[in-house]
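Since the structure comes first, as structure tokens, the remarks are kept for the end.
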Amino acid sequence: MVSSTQQFERIRKRKQSTAGKRNKRVRRRLGTPAFPVHPEGYSATAPDAKPAAKKA
């Protein structure tokens, strides 16, 4: 049988993670690491390359 404290900690954590728009937004951000989409040295001729800056 699980202890009362452990049980209530799990219940509180579950309720926190399932309720609240702001909380969900924070949790989503924690799960995604920041990484460059097109790292330096990426081929400019690749089909998914960023469009070149327009020169005026």
Side-chain angles (χ1 to χ4, degrees):
M1 189 168 165
V2 70
S3 72
S4 180
T5 305
Q6 192 175 32
Q7 186 176 2
F8 277 104
E9 282 177 0
R10 284 186 184 153
I11 290 170
R12 282 183 17 235
K13 185 171 183 174
R14 185 182 69 231
K15 285 187 176 191
Q16 271 188 328
S17 63
T18 58
K21 184 195 292 187
R22 187 167 190 85
N23 201 6
K24 287 179 184 178
R25 188 179 300 142
V26 169
R27 287 175 184 276
R28 273 198 308 268
R29 292 281 298 154
L30 287 175
T32 307
F35 58 90
V37 177
H38 296 297
E40 292 301 318
Y42 187 77
S43 172
T45 58
D48 62 342
K50 286 192 260 182
K54 294 180 182 177
K55 294 182 181 177

Next item on the list: Verify side-chain contact (heavy atoms from CB on, under 4.5 Å) between Gln16 and Arg27, making sure each step is shown before the conclusion.
Entry: CA-CA 10 Å; Gln16 271 188 328; Arg27 287 175 184 276; 4.1 Å; yes
Once you round to the nearest 0.5 Å, how far does [atom1] of [X] lie from [atom2] of [Y]?
X     : Y     : atom1 : atom2 : result
Lys21 : Arg25 : NZ    : CZ    : 6.5 Å
Glu9  : Ser4  : CD    : OG    : 10.0 Å
Gln7  : Met1  : CD    : CE    : 7.0 Å

Next item on the list: Look only at the side chain of Asn23 and the backbone of Thr18, and say whether a donor-acceptor pair between them is shorter than 3.5 Å.
Entry: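 A pair under 3.5 Å: no.
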